[in-house]
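Reviewing the structure listed below.
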There are 2 protein chains.
Amino acid sequence: MNFRKLKVFTTVCDCGSMSGAAKKLYMTQPAVSQAILELEEELDVHLFDRINKKLLLTYPGEVLLEYARRIHVLVEEAQSTMKDIANMNTGKLRIGASTTIGTYLLPEIIRSFGQKYKNIDIPFAIDNTGAIEKMLLENSIDIGLVEGPIHSKDIIVKPYMDDELFIICSKNHPWAARKRIGPGTISDQNIIIREQGSGTREVFENTMSKHNIPYSIKHVLNNTEAIKKAVEANIGVSVVSEIAIKEEIKSGRLVKINFEGVRFLRKFNIIYHKDKYHSKLFEEFLGHLCSGNF
Amino acid sequence: MNFRKLKVFTTVCDCGSMSGAAKKLYMTQPAVSQAILELEEELDVHLFDRINKKLLLTYPGEVLLEYARRIHVLVEEAQSTMKDIANMNTGKLRIGASTTIGTYLLPEIIRSFGQKYKNIDIPFAIDNTGAIEKMLLENSIDIGLVEGPIHSKDIIVKPYMDDELFIICSKNHPWAARKRIGPGTISDQNIIIREQGSGTREVFENTMSKHNIPYSIKHVLNNTEAIKKAVEANIGVSVVSEIAIKEEIKSGRLVKINFEGVRFLRKFNIIYHKDKYHSKLFEEFLGHLCSGNF
DNA sequence: TAGTAAAATAATATGATATTATTAAATATA
DNA sequence: TATATTTAATAATATCATATTATTTTACTA
């Protein structure tokens, strides 16, 4: 018993004759007769009575026909669904992003991609870079967007976009009115910054030590929004990605400071497992990221 | 895509490896690899990622697995049901019977057969012999039990049992006390009898005219039970099959009369279409009828 | 650095499933 | 009543799907 024989069987039932079914299936009549015979021998039942020249289903024939139709419907549905997946009419792509990207970039990326490809499910996880890397290695996400460095050699890292961190202060802070600020001045300030392990903090500390600028940290907050509010309230100054403060800079609630001769630069990266098969959907998402149309 | 490839696919998913699946399916690893490859090419999707040496389902792979499992369950169920039918653990046999047989014999036949073969569905129809013959020709029943003659040459007729009709009267009727009754005496009686077309009436009239016995009919009832009640009430005498009056004779409410030199004999027949396939169940039912174990 | 295990690849063998040709049986048609 | 016509069964053979064997590649392990 296989799908082919069941298809022949249902067609014979529909046509009421072997030769009719043969014509419909573009095969010869003996092939049809043989398929039915094989079914009957294999299942040890008679499927048809031939009364008055017509083929009439026996009881086991009727029962088998019911099953054959149900099986056929399922198979058709499976094929149609797979076709939809192949054509990207449906699908799933699991994204992971580190905190800053996940908070300030990913929502719009997913929204615009979802607009282009309806019925695509895009579950996403937001965590620090190390956790996102681990998820990739465990195959619990397909693509990652991270700000920090990747250690596994099994992961392919592609530059996504450049990011810059800026020192920020309140509009009421003395710095807000000044044009040129020497980096050494920061030693007098109350510095608010993200926790250890944060990519933002890592870039800040590395850059500061590279330039031998002394500083001391006053407040540690594991939440960029909380930091922004604290800075707005003039509790201190901080350093954050430019993508996190677009609104506040525009409205003037926060002020971006350029230290003379010091820039906090880093790259956002796209990461995926080297063994990952690049489905059409996968490639489309990468293309969407690089197009920047969002 | 066919059952074989889906089975290979689900086994690979269960085992987590191609060679493991090969072992489980008693085939070689290349055969498994090839089946998976063919599935992927045919459906135009990748089913597995090979990350960290392990085979991991892709999204389309997960979707296909769902369908494959559901299809597999249905196929198994179909095969198991057909096996049940082949072994007569389940089945269906459609019986037709003419009125007298259907009323007085069939219930016990079906009850005892059903006791021997549980889960066998035995729908039955009761009508006159001509209607039962027509049902056989239309294949709306499988086996008929009739008292009248069959006209179609496409129907096989096998004698089932001999039947005899008897003149009956009430225990209060003058005949009840007499031993010998000449058939001519009936011309004085109020005769109650079944309608035209009834097998019982046909045998009665044929036999009477064969012996040139004059008679006149007073009451016509299309229901043997009604006739028996009327005779019990001494409204008249009638003629009925011996199988219809066992209880009443035993209890003495009715009395069987033997006309000297006249017997109303007929045969009950088993009928079925000459082209009908004789399934095991069919043969078992015929055997049950002939065994008389009920 | 060799050894082991899993999977891919290629060549070939086997088995399932076609086709062609023919026969048989039943109907329809002249 | 004889003669096409239709339908299905049967047998011989051809073709295609799917198996095996042998080999290579790759990654992991001792």
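Quick note on labels: first sequence line is chain A, next is B, and so on, each numbered from 1.
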Item checked: A:D275 and B:R50 ion-paired at < 4.0 Å -> no
Check: Rounded to whole angstroms, how far apart are CD1 on A:I51 and P on C:dT27?
Finding: 13 Å
Check: Base, sugar-phosphate alone, or nothing: which one does B:S17 contact when heavy atoms must sit under 4.0 Å apart?
Finding: sugar-phosphate
Check: How close or far is atom P of C:dG15 from atom CD of A:E38, stated in whole angstroms?
Finding: 15 Å
Notebook entry, point to check: Would you say a side-chain N or O of A:N2 is under 4.0 Å from OP1 or OP2 of C:dT17?
Noted result: yes
Notebook entry, point to check: Separation of A:K23 atom NZ from D:dT6 atom C1', in whole Å?
Noted result: 10 Å
Checklist line | Mutual orientation of the aromatic rings belonging to B:F113 and B:F285 [parallel < 30°, tilted 30-60°, perpendicular > 60°] | finding: perpendicular
Item checked: Gap between atoms CD and C1', on B:E41 and D:dT18 respectively (whole Å) -> 15 Å
Next item on the list: Whole angstrom is fine here: how far is it from CZ in A:R4 over to P in D:dC16?
Entry: 15 Å
Notebook entry, point to check: Roughly, in whole Å, what's the span from CG in B:D49 to P in C:dA7?
Noted result: 14 Å
Note to self: Suppose we call a contact any N or O donor and acceptor under 3.5 Å apart; does that hold for the side chain of A:Q29 and the base of D:dA9?
What the structure shows: yes
Check: Which nucleotides of nucleotides 25-30 of chain D have their base under 4.0 Å from a protein heavy atom (B), which only their sugar-phosphate (S), and which neither (-), written as one string 5' to 3'?
Finding: ---S--
Notebook entry, point to check: If you find the nucleotide of DNA chain C closest to A:V32 and the one closest to B:S33, which residue's nucleotide is nearer the 5' end?
Noted result: B:S33
Check: Is it true that the side chains of A:Y67 and B:T81 contain a donor and an acceptor less than 3.5 Å apart?
Finding: yes
Next item on the list: Check whether any side-chain heavy atom of B:F268 sits under 4.5 Å from a side-chain heavy atom of B:R266, and report yes or no.
Entry: yes
Checklist line | Distance-only side-chain donor-acceptor flag, A:H288 / A:S112, under 3.5 Å | finding: yes
Next item on the list: Using atom CZ of A:F3 as one end and atom P of D:dT18 as the other, report the distance to the nearest whole Å.
Entry: 14 Å
Check: Nearest to the side chain of B:P30, which nucleotide is it out of C:dT9, C:dA18, C:dA7?
Finding: C:dT9
Checklist line | A:Q29 side chain to A:A22 backbone, donor-acceptor under 3.5 Å | finding: no
Check: Taking NZ, NE, NH1 and NH2 as the nitrogens, is one of them in B:E138 or B:K134 under 4.0 Å from a carboxylate oxygen of the other?
Finding: yes
Check: Reckon B:L55 touches a base, only the sugar-phosphate, or nothing at all at heavy-atom distances under 4.0 Å?
Finding: sugar-phosphate
Notebook entry, point to check: If only side-chain N and O atoms of B:S19 are considered, is one of them under 4.0 Å from the OP1 or OP2 phosphate oxygen of C:dA7?
Noted result: yes
Next item on the list: May I ask you to verify if any side-chain N or O of A:K5 is less than 4.0 angstrom from the OP1 or OP2 atom of C:dA16?
Entry: no
Margin query: Output the rounded distance in Å from CE (A:M27) to P (C:dT20).
Written below: 13 Å
